[in-house]
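Numbers restart at 1 for each chain; the letters A, B, ... are given by sequence-line order, proteins then strands. Values reported hereafter were calculated over all heavy atoms of this structure, with side chains retained and with hydrogens, waters and symmetry mates removed.
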Amino acid sequence: MTEHHPDDSYQPEVVEAKWQARWAERHTNEPDLEGATRPFYNLMMFPYPSAEGLHVGNFFAFTGADVYGRFKRLQGYQVFEPMGFDAFGIHSENYALRIGTHPAELIPRNIENFRRQLKRLGGMFDWRHQLSTTDPDYYRWTQWLFLQLYHAGKAYKKKAAVNWCPRDKTVLANEQVINGTCERCGSPVEQRFLEQWFFRITDYAERLLANLADPTKMDWSASTVSAQRNWIGRSEGAEIDFPSEAGPIRVFTTRPDTLFGGTFLVLAPEHPLVDRLTAGSERAIVEAYRKAAAAKDIVSRKVGEKEKTGVFTGAFAVNPATGAKIPVWISDYVLMEYGTGAIGGVPAHDERDFLFALTYRLPIVRVLAAEGETGSTPVYEPSTGTSGLRLVNSGQFSELPAEQGIQAIIAWLEAEQLGKRRVQYRLHDWCISRQRYWGPPIPIIYCDACGPVPVPEKDLPVLLPLIPDFQPDDSGISPLARHEEWYRVPCPRCGGKAHRETDVSDTFLDSAWYYLRYLATEFADRPFDPARNQRWLPVASYIGGNEHAVLHLLYSRFIAMGLHDQGQLDFEEPFRKFRAHGTIVKDGAKMSKSRGNVVIPDQYVSKWGADTFRTYLMFLGPYEEGGDFRDEGLSGPRRFLDKVWELVQRCERRTLTGEELQHGIVVKWHQTKKRVTLGLEQLSYNTAIAALMELLNALRAVNCSERKIVKEFVIMLAPFAPHFAEECWERLGATTSVFEAGWPDWDEGLTLEQEIEVPVQVNGKTRSRVRVPRGATEEHVVAAALRDPAVTKFTDGAPSKIIYVKDRLLNLVVRNAVRGKG
RNA sequence: GCCGGGGUGGCGAAACUGGCAAACGCAAGGGACUUAAAAUCCCUUGGGAGCAAUCCCUUGCGGGUUCGAUCCCCGCCCCCGGCACCA
């Protein structure tokens, strides 16, 4: 053991290895889950171990969350900061396929590498509670969760039009289709009709939406809240029945006020009434159109295509408001999965209906008019909203303002039993079946006699068999179906011939409840522990990427709500506070493998040290906005740490000198404590670090190394540079961790300077400053200002108006401003 | 089109939600130390005028409110993200 000398230099690799070892030995990062009196659950989104390793974006995310956890720790909370691996799923399986290694072999290897990187970063992780979603002890409970939802009637199987990715050879949830392409591989998604398992997330649409606006339940980033709102997509309106030969045709509209302008109906090609409506002579054309529509992939069906096509079914319906006989058409601009799959065409007030009417020469009747218009000209009126519009050509409703017209017509429809008020959501049920190998098998058995039978809980987990041929194919059937010995089982209910469900569940089901499992990893007999949940949940702080706004973050809320309604959880919102971190770009450009500019953290950690790397990441931009990673930037934070190191080596216990006091060291010190504390609480890490740099510069300027200040400096630096701070703390004579030290408090009175410089403006332009004591009266400051030639040069006589903001600013208003003569 | 977040020096950015615009850092230039380089230290660095004290201009664009606007209001432009033939 070498003795430290006051002048020995900062060697990150030595310091970091030492403290990582010591944290492990001392169990520094392992809070008492049973007895914690001030528990703080600090969660960050766990990674997919599906690549060579973590990239700088992951490090940025984890570091920011870790800084917050360490700050809370220093404030005296017992912080639980777990880490795990989202190791099931297409991303991991695709990676295994590409590498040509079985995922069961590859993924544990990746996890080891991820763990190594994470430990090197110096996160405050409690490794006792590490989990992997691929562990049977984990996915046993994922399957259990499926059964809970199944028994609650929240899981069901139906044959439906689903998104099929031809490259990944599986169905996808709507949330995993981005602009008609696969979220994972970017292939255009096809439509297939398959029997799939769904979760009834739509049952919770209203609650999921309402809680977003409830600050007692959720404090989330605005961008995430907005994305979820858009995704849930609530619309208010009415459904209206149009009588026809084949029975009533129900349409949904958000604008019942335009009902009198409905001159035709349009049904989606897949609409179930089309067969019955179609007249004999039109049958061939209608069939051809339906076939063509079905053949289109989702991209071209939903995106672009402004020209409208469609065919007449030969049938007519009656507009219940006007009594007019109106033709029934089909067109692919009407989508079966939204509303009722049928619309009333109002060509005068809807752009799409207008284009359709123009193409097929359908009548256009205007029923809304602006102020001072009669509405007699039958042209399309592109109007968004209802403001300034009134109804015309609308029978007894004419002349009502549009907003009132909506309410009046709904009331009339309800009275006449022609329709009713209705809220429509864009959100669809969550399709969780995947025709892939690498996931938890859905715990259902199909019996020839009993039908679908849930696997009894005592038989869980349904183990994923180790099979060599796990490649997916085009059949729409999971690779597991090829394995008879696994596929064929006796029925758990009657013992008769039966077979297993061969689909696995969506990865997002694995990740929808992992925060519960972290708290209970040592329990084999239960998925989570009520007493621990009671103590630690909901999660106090959750940090992650906004790309999961309508995926993981929505699904997790749904699962918590479902469990809550089953009496399993006593909260329904799992993440009290969520903050979305920003994204990192490299030299101004997005990082991507094809560009070859992906930053691998390891080399930087080796060169600069983890503490410098962490500090740089937190300094390079606002945490919630991200920033630009530039190699040159690392030298700044490293120089900063070197200077702090040097300050620590020469620090001494003494009183401040007159010169130091004169330079306002005490004020700067207390101001810094305040700024760093508030900055950390708001995740404004870049400004917190800047404040510390300012204090350091101020100390160095007067050569001050007073021990009390240096100690508090080290504590405040500890969230960013934990190993470094521990080492400094020890060298300052401590025998316990710096994280036991407690967060420094500041004296508000001492953050204010006693003598201040008040800017003096003339007509709003700063012309000079006067030094006055804090709290000086207006008279005092004005008198001082008018003694200053730099001011009087511009005033030329008595000011006509004086604005004085105490301790802030003096503004003298003069009528004839004198121009500066230089 | 609708919703959310942005637009400030050569660059990353800061500014008590109305009060000295550009803190902190990077890069660049000059100087000191050194045989030299690196490291370190000191100085300069938004634009323009001036020998200078100093003055004028400057927060995407155009208006407005105000003694005073990066901040508030109105009308635009551009960038990032979400939703979107959604009725």
Side-chain angles (χ1 to χ4, degrees), chain A residues 178-179 221-233 235 237 251-255 258 266 301-306 308 331-335 337-346 350-353 355-356 382 384-385 424-426 546-547 549-550 580 582-583 587-588 590 616 619-622 624-637 639-640 642-643 646 675 678 684 686-694 696-697 700 757-769 790 793 799-805 808-814 819-822:
Chain A
I178 311 297
N179 286 331
S221 290
S223 53
T224 316
V225 169
S226 158
Q228 289 207 351
R229 276 215 183 96
N230 288 337
W231 186 257
I232 295 168
S235 297
V251 306
F252 173 73
T253 178
T254 55
R255 295 298 301 271
T258 63
V266 190
R301 169 81 188 264
K302 284 193 172 175
V303 185
E305 287 211 29
K306 285 295 167 212
K308 299 286 171 279
S331 171
D332 63 3
Y333 83 90
V334 177
L335 307 171
E337 67 271 15
Y338 187 76
T340 60
I343 61 156
V346 185
D350 181 281
E351 190 187 1
R352 297 151 303 181
D353 298 346
L355 292 172
F356 193 74
T384 47
Q424 174 68 41
Y425 297 95
R426 217 194 61 85
N546 231 0
E547 68 275 12
V550 299
T583 50
D587 300 318
K590 214 172 196 164
Y616 172 62
F619 184 63
L620 92 188
E624 291 175 83
E625 284 165 42
D628 191 4
F629 189 98
R630 287 176 191 268
D631 291 2
E632 317 89 80
L634 279 142
S635 59
R639 282 200 271 261
F640 168 60
D642 283 336
K643 288 172 191 170
E646 184 257 346
R675 285 174 65 192
L678 299 180
S684 181
N686 54 335
T687 60
I689 293 168
L692 287 170
M693 287 172 167
E694 277 187 55
L696 178 71
N697 292 345
R700 285 167 56 88
E757 275 200 336
V758 174
V760 180
Q761 301 183 333
V762 178
N763 288 351
K765 271 199 190 332
T766 305
R767 296 303 182 180
S768 185
R769 290 156 246 281
K793 182 162 74 173
S800 61
K801 189 171 176 187
I802 293 167
I803 290 114
Y804 178 60
V805 184
R808 268 269 129 82
L809 165 138
L810 175 69
N811 188 11
L812 304 173
V813 185
V814 294
R819 283 196 55 82
K821 289 176 286 279

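Residue A:Lys590 has a polar side-chain atom (N or O) positioned under 4.0 Å from OP1 or OP2 of B:G81. Between A:Asn686 and the phosphate of B:A14, there is a side-chain N or O to OP1/OP2 separation shorter than 4.0 Å. Phosphate proximity of B:C41 to A:Arg700: present, with a side-chain N or O under 4.0 Å from OP1 or OP2. The phosphate of B:C86 has neither OP1 nor OP2 within less than 4.0 Å of any side-chain N or O from A:Arg255. Close to B:C86, at under 4.0 Å from its OP1 or OP2, lies no side-chain N or O of A:Asn230. Close to B:C26, at under 4.0 Å from its OP1 or OP2, lies a side-chain N or O of A:Arg639.
One interatomic measurement links the two molecules: CZ of A:Arg675 to C1' of B:A14, which rounds to 9 Å at whole-angstrom precision. Atoms NZ (A:Lys801) and C1' (B:G68) sit 10 Å apart, rounded to a whole Å. In this structure, A:Arg426 places its CZ atom 13 Å from C1' of B:C2, rounding to the nearest Å. Atoms CZ (A:Phe619) and C1' (B:A27) sit 14 Å apart, rounded to a whole Å.
Picking from B:G4, B:A13, B:G25 the nucleotide with the shortest atom distance to the side chain of A:Met693 gives B:G25. Distance from the side chain of A:Lys308 is smallest for B:C85 among the nucleotides B:C85, B:G4, B:C56. The side chain of A:Arg767 lies closest to B:C56 when the candidates are B:C83, B:C67, B:C56. Relative to the side chain of A:Thr253, the nucleotides B:A87, B:A84, B:C67 differ in distance, and B:A87 lies closest. When the nucleotides B:C86, B:C11, B:G19 are ranked by their closest atom to the side chain of A:Val805, B:G19 comes out on top. Side-chain atoms of A:Leu335 lie closest to B:C85 of the nucleotides B:C16, B:G4, B:C85. Across B:A14, B:G82, B:G12, the shortest atom-to-atom separation from the side chain of A:Pro622 is found for B:A14. Residue A:Asn811 has its side chain nearest to B:G19 when only B:C56, B:C24, B:G19 are considered. Side-chain proximity of A:Leu809 to B:G19, B:G82, B:A87: nearest is B:G19. Closest approach to the A:Ile803 side chain among B:A87, B:C67, B:A15 is made by B:C67 (side chain taken as heavy atoms from C-beta onward).
For the C1' atoms, the distance linking B:G60 with B:A52 amounts to 36 Å, nearest Å. Comparing the C1' positions of B:C2 and B:C16 gives an interatomic distance of 35 Å, to the nearest angstrom. Going from the P atom of B:A22 to that of B:A27 covers 22 Å, rounded to whole Å. Only the P atoms considered, B:U58 is 25 Å distant from B:C76, to the nearest whole Å. To the nearest whole angstrom, the two P atoms, one in B:U45 and one in B:G10, are 15 Å apart.
Between A:Ile689 and A:Met693 there is a side-chain heavy-atom pair separated by less than 4.5 Å.
The base of B:C16 lies close enough to the side chain of A:Arg808 for a donor and an acceptor atom to sit less than 3.5 Å apart.
The nearest heavy atom of RNA chain B to A:Gln228 and to A:Thr224 marks one nucleotide each, and the one closer to the 5' end goes with A:Thr224. Projected onto RNA chain B by closest heavy-atom contact, A:Pro759 and A:Ala227 fall at different nucleotides, the more 5' of which corresponds to A:Pro759.
Between the CD atom in A:Glu632 and the CG atom in A:Asp587 there is a gap of 6.5 Å [rounded to 0.5 Å].
If you check every strand for non-hydrogen atoms under 4.0 Å, A:Arg630 touches sugar and phosphate atoms only. Across all strands, A:Ser235 comes closer than 4.0 Å only to sugar-phosphate atoms, never to a base (heavy-atom distances). Nucleic acid contact for A:Glu632: sugar-phosphate only, since backbone atoms but no base atoms lie under 4.0 Å from a heavy atom of the residue. Using a 4.0 Å heavy-atom cutoff across all strands shown, A:Asp642 reaches no nucleic acid atom at all. At a threshold of 4.0 angstrom between heavy atoms, the contacts of A:Ala690 include nucleobase atoms, whether or not backbone atoms are also involved.
In terms of the ring-ring contact (aromatic ring centres under 6.0 Å, His included) criterion, residue partners of A:Tyr616 (sequence neighbours excluded) are, by chain and number, A:Phe629.
Annotation for A:Val550 and A:Ala227: closest pair CG1-O, 3.5 Å, computed over non-hydrogen atoms. Minimum heavy-atom separation, A:Val334 to A:Val266: CG2-CG1, 3.6 Å.
Applying the 90° cutoff around 0 to the glycosidic angle, B:G9 is assigned syn.
Annotation: cation-pi geometry satisfied between A:Lys308 and A:Tyr333 (NZ/CZ under 6.0 angstrom from ring centroid, within 45° of ring axis).
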Symbol by symbol from the 5' end, with Watson-Crick or G-U pairs under 3.5 Å, [ ] crossing and | another strand, RNA chain B is (((((((..(((......[....))).(((((.......))))).((((....))))..(((((..]....))))))))))))....
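For A:Thr258 (side chain) and A:Val346 (main-chain N/O), no donor-acceptor pair under 3.5 Å exists by modelled atom type.
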